[in-house]
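Structure first, commentary second.
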Amino acid sequence: HVQLVESGGGLVQAGGSLRLSCAASGSTFSINAMGWYRQAPGKQRELVAVITKGGRPNYADSVKGRFTISRDNAKNTVYLQMNSLKPEDTAVYYCNAAAGLGSTYVFWGQGTQVTVSS
């Protein structure tokens, strides 16, 4: 089992920056890809960015060029640096980890609120 704890959310003005962190504990040796998802009120949860164990990132088109995902495998932590934030980035951001053979197991953090004011 893997536990994920996010931190770093908050309120920021449009154009500002925030850095989210997600620390994993438990069976961290089994983690493969890690990522960030978000869910705005009344909308479905959507992928923001994902990074493989080897460090290869992939981004949603809406955040390309503004957000950067990274991970420190030694610290079992994944980060999301968010720059040039827009009001439409407002959402609860969830950390995600895929673990086990074939990434069969998926774990979620509790979420952290990001609010971007115009």
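What you see is a predicted model; the values in this text were computed from it and never measured. The analysis underlying the following values was restricted to heavy atoms, covering all of them including side chains, and did not include hydrogens, waters or symmetry mates.
Under the 3.5 Å distance criterion, with hydrogens and angles disregarded, a donor-acceptor pair is assigned to the side chains of N73 and R71.
Under a hydrophobic-cluster definition in which Ile, Leu, Val, Met, Phe, Trp and Tyr are linked whenever side-chain heavy atoms come within less than 4.5 Å, directly or via other members, V92 and V106 are assigned to the same cluster. Residue L80 is not grouped with residue Y94 when hydrophobic side chains (ILVMFWY) are merged at heavy-atom distances under 4.5 angstrom, including chains of intermediate members. Put simply, L4 and V50 are part of two different groups of oily side chains (I, L, V, M, F, W, Y) that touch within less than 4.5 Å, one to the next.
Applying the ring pair (Phe, Tyr, Trp, His ring centres under 6.0 Å) test to every pair with at least one member in residues 45-71, sequence neighbours left out, gives no pairs at all. Evaluation of the salt bridge (charged side-chain N to carboxylate O under 4.0 Å, His left out) test over residues 106-118, restricted to residues two or more places apart or in two chains, returns none. Residue pairs satisfying the salt bridge (charged side-chain N to carboxylate O under 4.0 Å, His left out) criterion with at least one member in residues 22-34, sequence neighbours excluded, are absent. Within the structure, disulfide bond (SG atoms under 2.5 Å apart) pairs that include any residue of residues 33-88 do not occur (at least two apart or interchain). The disulfide bond (SG atoms under 2.5 Å apart) contacts involving residues 36-92 comprise nothing, where partners must be two or more places apart or lie in separate chains. For the ring pair (Phe, Tyr, Trp, His ring centres under 6.0 Å) condition, the pairs that include at least one residue of residues 97-118, sequence neighbours left out, are H1-F107, Y37-W108.
For D72, the side chain to side chain donor-acceptor pair (under 3.5 Å) test picks out no residue, with sequence neighbours left out. Taking the side chain to side chain donor-acceptor pair (under 3.5 Å) definition, one finds that K43 meets it with nothing, sequence neighbours left out. Residues satisfying the side chain to side chain donor-acceptor pair (under 3.5 Å) test with T115, not counting sequence neighbours, are Q113. The side-chain contact (heavy atoms from CB on, under 4.5 Å) check on E46 picks up R38, with sequence neighbours excluded. Checked against salt bridge (Lys or Arg N to Asp or Glu O under 4.0 Å), R66 has the following partners two or more places apart in sequence or in another chain: D89.
Using a 4.5 Å heavy-atom cutoff, the side chains of I69 and W36 are in contact. Contact of the I31 side chain with the N76 side chain is not registered, since no non-hydrogen atoms from C-beta on lie closer than 4.5 Å. Contact of the T90 side chain with the V114 side chain is not registered, since no non-hydrogen atoms from C-beta on lie closer than 4.5 Å.
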List, one per line, each side-chain donor-acceptor pair under 3.5 Å for residues 9-25, sequence neighbours excluded.
{"residue": "S17", "atom": "OG", "partner": "N83", "partner atom": "OD1", "Å": "2.9"}
{"residue": "S25", "atom": "OG", "partner": "Q3", "partner atom": "OE1", "Å": "3.3"}

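Here OG1 of T52 is found 10.0 Å from CG of N58. Values are rounded to the nearest 0.5 Å.
Using modelled atom types, one side-chain atom of E6 and one backbone atom of C95 make a donor-acceptor pair closer than 3.5 Å. A donor-acceptor pair is defined here as one N or O able to donate and one able to accept, closer than 3.5 Å; no such pair exists between the side chain of S27 and the backbone of S30. Put simply, the side chain of T77 gets close to the backbone of K75: a donor and an acceptor are under 3.5 Å apart.
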